[in-house]
Amino acid sequence: MIYLSRLSFLLVALAVATSICAQQSFVDSMNKRFAGRSPAAGDMLPDAEGCHGDGSPFALKDTRGKLTVLVTGCLT
Amino acid sequence: MHPGTNGIVEAFTKQERLLQLAMAKKRLGTTVPIVSDSLDGAIVRALKSAPNAEFVIDKDGKMIHRKFWHDPAALRTFLEERFGKVDKPTRVEDLDMKLVFPKQGAPRGLVKPPKLPGRFSALKTTPELPSDQEAKEGATPFFAKLRAEGTRGGNGKLYLGFYLDPVYQVHWNNPAGGLSFSIEDPEDPDFEPIVGQTPKYEHETDVDPREFVIDFDAERGQKFRVTVRYTICDDNGKFCLPVEQHYSLEMTMDRDAGQRAGEWMLRLVGDPLSYDSNEDGFASRDELPKERAQIILLHYDRNHDDRIDKREAALFYDMIRMKPSEPGARRTPPPPRRGR
C-alpha cells in the first residue's frame, strides 16, 4: 500500500514535470525554429507590403531612416 | 494567432481587415501605430515571423535584434544597453490605454462549444466572394465566417464552425430557423450531400458560434462546396436578413490558419490566480512560474501592469469559452511551494 502511494506520487510528479518540460521545450523549439529562419542581426530587412489603418499602403522599406521597433501580433 | 477568440476569424477582404484594425485600436485605446499585413501575409512571410515576435531595425534598414516571443522588459533592457538610458522612459501608465470593450449587442455563452474528439487542424476554406462590381453595388458581406478543421489522426471527423464577425455588429435571429449547411462534391453527381442544422434554441438571439462535428471521410486534397444559410439581425435594430453563402472546402491542411482558442490554451497557460501565493487578489510576474510567466501574462494581462486580476482572468475564460473548473478542462500543475 505504501509502495503504491509512493508510486502514485512519483507518477503525479513525473506527469507535472513532463507537462512543464513539454511547455518549455515547445518554447525552446519555436525559438530555435524562429532563429533559423527569420532575418538575423546584420541582415537587411526584406521588403513586403501591407497597409496602414486608413488603407494607404505600407512597406517595410518605409521604416528606413528611423529606428523602428516592430512587434507582430493579432487582434485575437 | 487563435481564431475564434472574441468571435474573430480570418478577414476575407481588405476592408474587413481594416475594420478589425480600427476595432483593435478602439479596444486597446492606443495611439501606437498599427499596420496591417496583406491578406496573404506578405510581411509575416518576408520576416519568417512568429505570432508575437519582436524586431528592432536600425535607420539603415538592418535588423539589429529579433525575438520569437515579444518581451517588453527584455526589449527595454536591449534598447538601453544599445542606445543608452533615456531620462524619462515611457511607462505603460503614460500611454493611458483605456481598454474599451465593445458593447455587447446580444448575449454570449448560451450555446456551449462541442467536445472535440482528438486534435483538429484547420482545412483550406475559400469563400466565394462577390465580384468587385457586385461588391460596389452592395453585396451581402460574410456576416458569419466558416472555420473548418479535420482530425489529424484520420478518424474521419470534420469540424465546421460559423463565427459571426464582430465588425458587423449583428446577432443570430433564432426564431427564423437557425443555421443550416450542406456539403456537396461538385465533381461527383452521385455524392449524397451532407447536411446539418442547428437545434431549435429557446432564446431569441445570441452571438455564439454555430459549431458542428460530423463524421466525414474524404481523400486528402479532395474539394467540396459548402453552402450555408442563416438569418441575422443587426444590433441597432435596423434590419434582419436571410443569407445564403458558399465556400470551397479543400481537404488540405491550412498551415497559416493558426489554432483556435480553446481548452488547450487552458492547459498551456493555466489558471493564473492559483499562483497568487500572497493572496492579494493578483497573480504577479514574481508569483508565476518563471519559465511560463511571459506566455501567461501575454494571454491574461490586458492592462499590461505585469499582474493578473480576477477581471482579466474572467475575460480570458470568456474568450476561450471554458473555465478551469469545468469538466474536460485539465487542471494546471500546482504552484511551486514557497518558503522552503
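- Distance check: B:Ile64 CD1 to A:Leu45 CG gives 11.5 Å after rounding to the nearest 0.5 Å.
- For the pair A:Arg33 and B:Phe68, the minimum side-chain heavy-atom distance is 4.5 Å or more.
- In this structure, the portion of A:Leu60 lying under 4.5 Å from any heavy atom of chain B is its side chain and not its backbone.
- Screening residues 39-63 of chain A for salt bridge (Lys or Arg N to Asp or Glu O under 4.0 Å) gives A:Asp47-A:Lys61 as the qualifying pairs, with residues at least two apart or on separate chains.
- Between A:His52 and B:Leu18, the shortest heavy-atom distance links the atoms O-CD2, 3.4 Å.
- Among the candidates B:Ser36, B:Ser38, B:Ala42, B:Ala46, the residue making the largest number of heavy-atom pairs closer than 4.5 Å to chain A is B:Ser36.
- Within a 6.0 Å radius of CG in B:Asp132, no more than 12 heavy atoms belonging to other residues, nucleotides or ligands are found.
- The CD1 atom of B:Ile57 lies 11.0 Å from the NZ atom of A:Lys66; values are rounded to the nearest 0.5 Å.
- Neither the backbone nor the side chain of B:Ala22 comes within less than 4.5 Å of any heavy atom of chain A.
- Rounded to the nearest 0.5 angstrom, A:Leu70 CG and B:His65 NE2 are separated by 11.5 Å.
- The two residues A:Arg37 and B:Lys48 make their nearest non-hydrogen contact at O-CG, 3.5 Å.
- Of the two parts of B:Ile43, the backbone and the side chain both hold a non-hydrogen atom closer than 4.5 Å to a non-hydrogen atom of chain A.
- Of the two parts of A:Ala59, neither the backbone nor the side chain holds a non-hydrogen atom closer than 4.5 Å to a non-hydrogen atom of chain B.
- In this structure, A:Thr72 and B:Phe55 have side chains that are in contact, with non-hydrogen atoms separated by less than 4.5 Å.
- With chain B as partner, the option from A:Ala41, A:Ser38, A:Pro46 having the largest number of non-hydrogen pairs under 4.5 angstrom is A:Ser38.
- Looking at B:Leu39, neither its backbone nor its side chain comes within 4.5 Å of chain A, counting heavy atoms on both sides.
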